[in-house]
Every structure is written in C-alpha cells, then in structure tokens.
2 protein chains.
Amino acid sequence: MTEDPRPAGSPTLEDVARAAGVSRATVSRVVNGVRNVDPVIQESVRQAVAATGYTPNRAARSLVTRRTDAIALVVSGAGDDPTPEDETGGAHPAGSTGGDGGGHHAGSTRGAHDPDEPDGGAGSSFTAQVFADPFFGRVVTGVVNYLRPRGMYPVLMFAETSRARDEVVSYLRQGSADGALVVSTHADDPLPALITDAGLPAVLYARPSRPTRISYVDLAHQDGARLAAEHLLARGCRRIATITGPLDVPAGQDRLAGFRDTMARAGQPYLPLAEGRFTQESGEAAMARLLAEHPDLDGVFAANDVMAVGACHVLREHGRRVPEDVAVIGFDDSSAAVACRPPLTTVRQPVEEMAAEMARLLLDRLAGSDRAVTSVIFEPSLVVRGSA
Amino acid sequence: MTEDPRPAGSPTLEDVARAAGVSRATVSRVVNGVRNVDPVIQESVRQAVAATGYTPNRAARSLVTRRTDAIALVVSGAGDDPTPEDETGGAHPAGSTGGDGGGHHAGSTRGAHDPDEPDGGAGSSFTAQVFADPFFGRVVTGVVNYLRPRGMYPVLMFAETSRARDEVVSYLRQGSADGALVVSTHADDPLPALITDAGLPAVLYARPSRPTRISYVDLAHQDGARLAAEHLLARGCRRIATITGPLDVPAGQDRLAGFRDTMARAGQPYLPLAEGRFTQESGEAAMARLLAEHPDLDGVFAANDVMAVGACHVLREHGRRVPEDVAVIGFDDSSAAVACRPPLTTVRQPVEEMAAEMARLLLDRLAGSDRAVTSVIFEPSLVVRGSA
DNA sequence: ATGAAAGCGCTAACAT
DNA sequence: ATGTTAGCGCTTTCAT
C-alpha cells in the first residue's frame with residue numbers, strides 16, 4: 001500500500017540523502033569528513049546514516065578515487081616456471097624448517113580426502129615453505145600493525161613462478177591494490193623490475209640483488225655479523241666456524257663478509273665455513289660437515305636462528321655442550337631463538353619495525369609526499385642469551 | 001598536431017573497442033570469455049587488447065557484478081577491548097612460542113628507530129603471537145593454494161578486540177571482500193555471530209564454542225587423542241600424564257576428553273593433567289608441574305606439538321631421556337614436530353587441506369551452489385617418529 | 001554551505 | 001552475433 005519500495009541491496013548515499021533531506025553530495029561530504037558542512041546538517045546526516053545502516057561501497061568509491069586502500073604483500077621467489085626436474089631444486093625460501101618429509105603415517109587414514117597432494121596440500125609448495133620460517137610471520141606482523149590503524153589491509157600473494165609474477169603485476173595493474181610490498185627470498189628475482197617497469201608503486205624488504213630503481217629497507221648485515229664475531233672472540237673462542245646463508249643472496253653474502261672481515265682483523269685469517277639455505281635441515285647438515293672437518297671447533301656463527309637451532313642439535317648429538325664446548329650464535333632473534341635450548345644468543349634484526357617502515361615508505365609514496373627512491377638501513381643489535 | 005589526445009590513464013574498454021572497431025560490449029564479451037562471439041572478431045579484439053595493453057578495472061567491474069574476488073582471512077580472538085590490566089592476560093592465540101621476552105639487548109642500538117614499541121613493533125601484540133605458531137602459516141598455505149588457481153587472494157585481518165571486529169564486519173559490509181574465512185583462537189569469540197548477523201558469507205575453521213548457524217571444518221579431535229592414547233599404551237607406558245590445551249576451547253576440551261576416555265577404557269582411571277595454553281612456554285611450565293608431582297611418569301600426551309617441544313626440553317633438563325624414560329606424543333604434525341629432537345611422534349591434523357576445504361565451502365556458498373550450513377570433519381592420523 | 005550533474009569503467013539487459 | 005543503453009554508487013567540479 002505504501003509507495004516506498006524498499007531498495008533491494010544495502011542502503012546507498014541516495015537513501016541516506018533522502019532520509020536526511022539533503023543531497024547526495026552533502027552526505028558524501030559528511031561521510032568523508034570534508035569541511036564546510038553546517039554542524040546542524042552534519043548531525044542530521046549522521047542520524048540518517050545510523051538509521052539506514054549505511055556503509056559506503058568500496059568499489060564505487062575506488063572507481064572514482066582510483067584508490068583501493070589495499071596493498072599487496074608479496075613473497076617472491078626467483079624460480080622460473082617449475083619444470084618436471086625442478087620440483088624441489090632451486091627454491092629455498094629464506095629459511096624454512098625443510099620438508100616435513102620424514103615420518104610414516106600410521107593408524108587410521110580414513111580421512112575424507114585423498115592424501116596425495118590435494119588442493120591446498122602442504123607438499124613442498126613454496127607457500128608452505130615460506131611460513132615454516134618465523135621470519136615471514138614477523139614481516140606480516142609489522143606490516144599489519146602499521147596498516148591497520150590506517151584502515152588498510154594486506155592482500156597476501158606469492159610469486160615464485162613467472163606465471164605467478166605476471167598475476168601479481170596484473171593484479172596491481174587492475175587497480176586491485178594501490179601498491180606492493182615485496183619480500184624477495186631469492187637472488188635474481190625478476191619481480192621488482194617487472195613491477196617498476198609497469199610503473200607500479202612498490203617497496204622492497206632487502207636490497208635487490210640486481211640494481212633496481214626501487215625503495216627498500218634493509219639491515220646492516222655486516223655490522224650484525226661483526227657483533228657476532230666480536231662476541232665470540234671476546235668470549236675466548238679461537239677455533240671458530242660459520243654456517244652461511246645461501247651465498248647468492250645479499251643477506252647471505254653480507255653476513256659472511258662482515259663476519260670474515262672482523263675475524264681477519266682480529267688475527268683469525270682462516271674461517272671454516274659451510275653453506276646453508278637458511279633452513280634448519282641445511283643448518284644441521286652444515287654443522288655436521290663442519291664438525292667432521294674441524295672436530296675441535298669452539299664457536300659457530302650461523303647466519304640465521306633456524307640454522308643455529310639445527311647446529312645445536314647436531315652439536316649435542318655429537319656430545320658437545322653448548323655453550324661450554326662450543327658457543328653458538330644465531331642471527332635474527334626470531335622465535336626460534338627463544339624456543340631453543342639453550343636459548344640462542346643472536347643478532348637481532350628488527351623485522352617488525354623494518355616491515356612497518358617498508359609499509360610507511362609505500363604509503364608516503366602513494367600519498368605523493370615522497371616520490372624519491374630511498375633506502376632505510378636498520379642497525380642490528382646483539383641479544384645475549386645462553387648459547388654464547 | 002594530431003587530434004588524438006591520448007587518454008591519461010590506462011586504456012579502457014572504450015579504447016580497445018575503438019582500436020578493434022567494435023563496441024564495448026563485444027570487447028567485454030571477449031575479455032570475459034562469453035560465447036556468441038565471432039572467432040574473427042574475437043581475434044581482432046584480442047589483438048587490440050594486446051596492442052593497447054588493456055587491463056580491466058576491478059573497481060568498475062566490482063561495481064556492477066557486486067563481487068570483488070577477494071576474500072578476508074581473519075584470525076580472531078575473543079578479547080574485549082584491551083584494558084590496562086588485561087594487557088597480557090586472557091589472550092592466548094592457539095599456540096605461540098610465548099613472549100620473546102628474555103634476553104637483554106647489548107651492543108650498539110643506534111638504530112634509526114625508537115626501540116620502545118614503535119609502529120609495527122612486535123611487543124606482545126596479538127598479530128605477533130599468532131604467527132609464532134606454525135599453525136597459522138599452514139592455514140594461510142592451504143587457503144592460498146586453493147584460492148590462487150581461481151584468481152583470488154586473501155586479505156589478512158586480525159580481530160582480537162571489539163573494535164577490530166567491527167572493522168572486519170565493516171570491511172565486509174563495504175563489499176571489500178566477498179566473504180570471510182575465520183580462524184578463531186578463543187572461546188566465546190563473538191565474531192562469527194557478528195558476521196552471520198550481518199548476513200555475510202563466512203566459514204569457520206573449528207567448531208564455534210557458541211552454537212552458530214555457520215559452516216565450518218574441523219578435526220575429529222577425540223579420535224586423534226585416542227590414537228595418541230592407544231600408541232602410548234601399546235608402547236607399554238603405564239604412568240601417563242597429559243598437557244592439555246586451554247580448557248575453554250573445544251579443541252582443548254575434545255582432545256582431553258578423547259584421551260581420558262581411551263585411557264579409562266584401558267583401565268587407567270587416573271590421568272594427571274596440567275593445563276597449557278598451546279604455547280611452548282606453557283608446555284614447559286606444565287611439564288615441570290607434572291614432573292614435580294609425578295616423578296615416575298613414563299608417557300606424556302601434549303595437546304599440540306609446540307607444547308610437546310616444551311615438554312621435551314623440560315624432561316631433558318630433568319635428566320629424562322625421550323623416549324627411553326618418557327615417551328612424548330604431540331598433536332598437529334606441525335613443523336615444530338620435525339624440528340624437535342627427537343622428532344615428535346604426533347597426531348596429524350591436515351591443516352592445509354582443512355583450510356583449503358574451508359575456502360571451498362565459502363566459494364561454493366558464494367557461487368550459490370550450496371546454501372546449506374554444513375560441517376566437514378577431518379580424520380586425524382598418527383605419525384610415528386622418534387619421541388614415542 | 002549546499003545542490004545539480006557529470007562521469008569513473010564496466011556489465012547486462014534489451015534490441016536488432 | 002553485435003550494438004545500444006542504462007545504470008552500479010560514489011566523488012567532484014561547477015553553480016548557486
């Protein structure tokens with residue numbers, strides 16, 4: 001009987017305007033907090049908003065503002081498209097605990113799903129490996145903590161194949177996100193170049209291995225390694241070895257360089273080393289090699305905590321006490337460090353703060369207030385716990 | 001000189017249409033793969049698309065389709081807004097390695113930032129705790145692996161305060177995402193109800209502690225606990241204790257119930273227990289309590305791997321060998337299980353598959369093919385490694 | 001300070 | 001099979 005056909009969907013600006021007896025433009029101004037609005041009208045509009053339960057439609061808003069208030073957080077690898085023989089090779093996310101491989105399943109497996117790599121399966125997939133390392137969770141934490149107060153949320157993407165990289169670029173070009181925060185886990189990652197070539201705003205975590213005109217945050221890795229070396233030396237260690245990160249990525253190179261330099265300056269020209277891949281498993285293997293060749297070593301610097309944990313395990317299995325017989329020092333100050341027994345003395349990388357800064361740089365760039373390409377380098381610090 | 005004022009922004013459908021000499025509608029059809037398009041025209045449109053470098057604008061598309069192809073992945077807590085005295089209390093994300101607390105920072109701290117809880121700082125923040133547990137990374141992995149082939153990506157959100165919950169609801173109401181996948185870490189989480197009350201599509205990971213008309217995936221926790229009990233019993237353990245999860249969440253309750261029942265049926269009516277909070281730290285504390293009261297125990301079931309790891313540490317420190325003196329069995333089969341020495345025998349929860357299923361349920365619901373509220377329960381399985 | 005109107009780029013009837 | 005047209009809901013000149 002009434003001539004008030006309720007609008008089907010959720011209320012629009014139009015509805016609010018009608019309810020408040022003003023124009024759409026005015027409601028829009030109030031909603032967006034634009035000045036030049038009569039306080040009285042302002043109030044009535046607010047009431048109308050509340051009464052109607054109005055919520056602005058993001059798509060409509062984006063269409064005109066050309067902003068989405070979403071940013072992509074992409075974890076990038078350097079791999080080419082996977083080829084049959086490349087399945088497990090090449091890729092080594094910066095620190096994973098390695099394949100969940102071992103262990104045979106016993107007991108009832110009458111689960112509703114096929115156990116052989118179903119959708120979303122863990123497998124040795126890149127995404128699975130990525131989160132096995134505490135590092136990425138910290139990046140997410142830092143990014144979220146910075147973004148959230150600003151009403152923004154990260155869209156999680158992975159770019160480990162060229163196909164995935166194209167999808168990321170495409171996603172950004174569609175205007176699905178205003179920019180990208182990229183954490184690269186590999187050397188020669190083509191993604192940063194792809195993004196900048198497309199003229200898309202982005203900021204990196206860590207210096208790209210290929211020079212690229214793009215802002216990034218990074219750690220003074222060499223300084224961190226120096227802290228580690230000095231600590232080991234000060235402690236009296238004289239037969240020191242190191243488990244490096246992958247030597248094709250800057251972080252791996254720099255940590256080694258910084259450590260070796262400090263050792264050399266201290267009159268220790270010979271530094272046994274074994275390369276790891278930032279995974280616990282690789283750390284274990286590296287430690288075993290080191291121990292085989294240098295049974296008398298009394299100090300080890302691992303280029304990250306996860307490998308240090310692996311080293312501790314192997315040392316213990318070989319009857320060495322940590323830190324009494326062999327002092328071990330890690331890098332990152334991740335949750336793995338405190339979970340370890342003894343807790344790891346380590347070089348702290350303020351990942352959360354660095355990630356937040358990365359987000360800040362991107363947002364500044366988006367706001368247009370800071371167009372220049374810059375880099376922000378953080379200082380590491382030593383955290384002394386039980387292992388050294 | 002030419003009368004071809006290049007469009008400022010990126011090319012639109014209009015541009016492509018002009019280049020191909022057809023109408024916008026036709027281009028739209030080609031782009032969206034709608035049938036009824038002459039192969040010849042189809043080809044010329046494709047060329048025009050390539051030539052112009054066209055990419056569809058997501059906002060414009062969303063505006064009319066009312067779909068964003070984005071889904072929210074929200075990690076939810078039950079906390080009220082934090083009050084001064086509530087800072088560290090109440091909240092216990094389902095498993096974190098506990099505060100990074102210990103360890104004093106030494107050495108140079110001439111970092112560019114204030115060390116006292118800056119933007120994005122780790123602190124004891126909810127987000128930081130969440131990712132300290134391997135569990136969430138696995139959820140993300142499963143969700144991403146399911147979504148990605150479908151051209152969708154998760155938006156990461158945290159909802160640990162009532163304010164944050166409102167923001168999540170608001171975000172969804174704005175049409176920023178088509179639906180939500182929610183992983184609740186606490187008992188009495190109000191978020192599921194808030195979401196369904198708002199008529200928003202969502203699927204849960206784990207049965208809500210309050211009955212709610214909402215689909216979810218879950219694990220047959222009791223069956224898992226039974227597997228653990230049977231294994232310990234079969235192994236010959238007769239003085240068995242358990243470290244439970246928080247007893248106000250279903251997963252904690254069910255795992256205890258299943259374990260206790262199986263023990264009772266096996267003629268073991270007395271089950272010493274200590275409650276943990278799914279964190280390594282709490283697992284350590286619980287183990288210490290158990291050991292103090294029952295120095296002769298020979299088997300321990302921890303309600304998750306992270307606590308089991310803590311238990312192993314404490315047992316070793318008290319001179320017990322695992323598994324020779326005390327057998328330890330965990331739950332989840334997370335990366336913590338294989339990282340542990342000895343590697344943990346554990347009850348596997350197929351988190352990645354469950355998360356993928358959760359995503360599938362949501363997408364089905366969004367596609368309208370499946371409106372009914374359902375639950376999918378997965379079967380756990382026993383993974384035998386070294387600790388038991 | 002407020003309203004009218006244009007238009008962001010796209011899809012989906014509807015017409016042909 | 002293709003083109004025409006009418007919006008989707010919003011912000012933003014431009015008038016007033």
Side-chain angles (χ1 to χ4, degrees), chain A residues 5-46 48-49 52-69 170-176 178, chain B residues 5-46 48-49 52-69 151 170 172-176 178:
Chain A
R6 285 299 166 104
S10 45
T12 73
L13 264 195
E14 185 72 51
D15 299 322
V16 180
R18 199 179 310 132
V22 297
S23 73
R24 285 206 309 264
T26 299
V27 179
S28 176
R29 288 180 186 114
V30 172
V31 169
N32 294 305
V34 178
R35 16 151 268 287
N36 293 345
V37 267
D38 185 302
V40 179
I41 293 201
Q42 210 165 120
E43 184 48 32
S44 65
V45 168
R46 289 198 193 299
V49 167
T52 54
Y54 170 76
T55 311
N57 177 308
R58 273 287 257 288
R61 180 177 280 178
S62 286
L63 187 53
V64 38
T65 60
R66 304 185 153 284
R67 295 263 316 215
T68 61
D69 281 352
S170 164
Y171 190 83
L172 292 169
R173 295 218 318 145
Q174 294 184 350
S176 304
D178 297 330
Chain B
R6 286 299 167 101
S10 45
T12 72
L13 263 195
E14 186 72 52
D15 299 322
V16 180
R18 200 178 310 131
V22 297
S23 73
R24 285 205 310 263
T26 299
V27 179
S28 176
R29 288 180 187 114
V30 173
V31 169
N32 294 306
V34 178
R35 19 153 266 285
N36 293 346
V37 267
D38 185 303
V40 180
I41 294 202
Q42 210 165 120
E43 184 49 32
S44 66
V45 169
R46 288 198 194 299
V49 167
T52 54
Y54 170 77
T55 312
N57 179 309
R58 273 286 258 287
R61 182 177 279 177
S62 285
L63 186 52
V64 38
T65 62
R66 307 187 151 285
R67 295 264 314 212
T68 61
D69 282 351
S170 165
L172 293 168
R173 294 219 319 143
Q174 293 183 350
S176 304
D178 299 330

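Reckoned from all heavy atoms, side chains included, excluding hydrogens, waters and symmetry mates. The chains referred to below are lettered A, B, ... by the order of the sequence lines, with proteins before strands, and numbering in each begins at 1.
dG3(C) atom P lies 10 Å from atom CG of D38(A), rounded to whole Å. As rounded to whole Å, 20 Å separates atom P of dT2(D) from atom CZ of R18(B).
Under the salt bridge (charged side-chain N to carboxylate O under 4.0 Å, His left out) criterion, R67(A) pairs with D69(A), D178(A), sequence neighbours left out. With sequence neighbours excluded, no residue forms a side chain to side chain donor-acceptor pair (under 3.5 Å) with D38(B). Taking the ring pair (Phe, Tyr, Trp, His ring centres under 6.0 Å) definition, one finds that Y171(A) meets it with Y153(B), sequence neighbours left out.
Distance CD/Q42(A) to CG/N36(A): 10.5 Å, rounded to 0.5 Å. With values rounded to the nearest 0.5 angstrom, N57(A) atom CG is found 7.0 Å from S10(A) atom OG.
Each salt bridge (charged side-chain N to carboxylate O under 4.0 Å, His left out) pair with one or both residues in residues 20-33 of chain A, not counting sequence neighbours, appears once here: E14(A)-R24(A).
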Encode nucleotides 8-16 of chain D as B, S and - characters from 5' to 3', where the letter depends on protein heavy atoms closer than 4.0 Å: B to the base, S only to sugar-phosphate, - to neither.
BBBBBB---
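No donor-acceptor distance shorter than 3.5 angstrom exists from the side chain of Q174(B) to the backbone of R58(A), with no hydrogens or angles considered.
With the end axes of the helix from dA1(C)-dT16(D) to dT16(C)-dA1(D) each set by five pairs, the angle from one to the other reads 30° at 10° resolution.
The side-chain heavy atoms of D15(B) and T12(B), taken from C-beta on, include a pair separated by under 4.5 Å.
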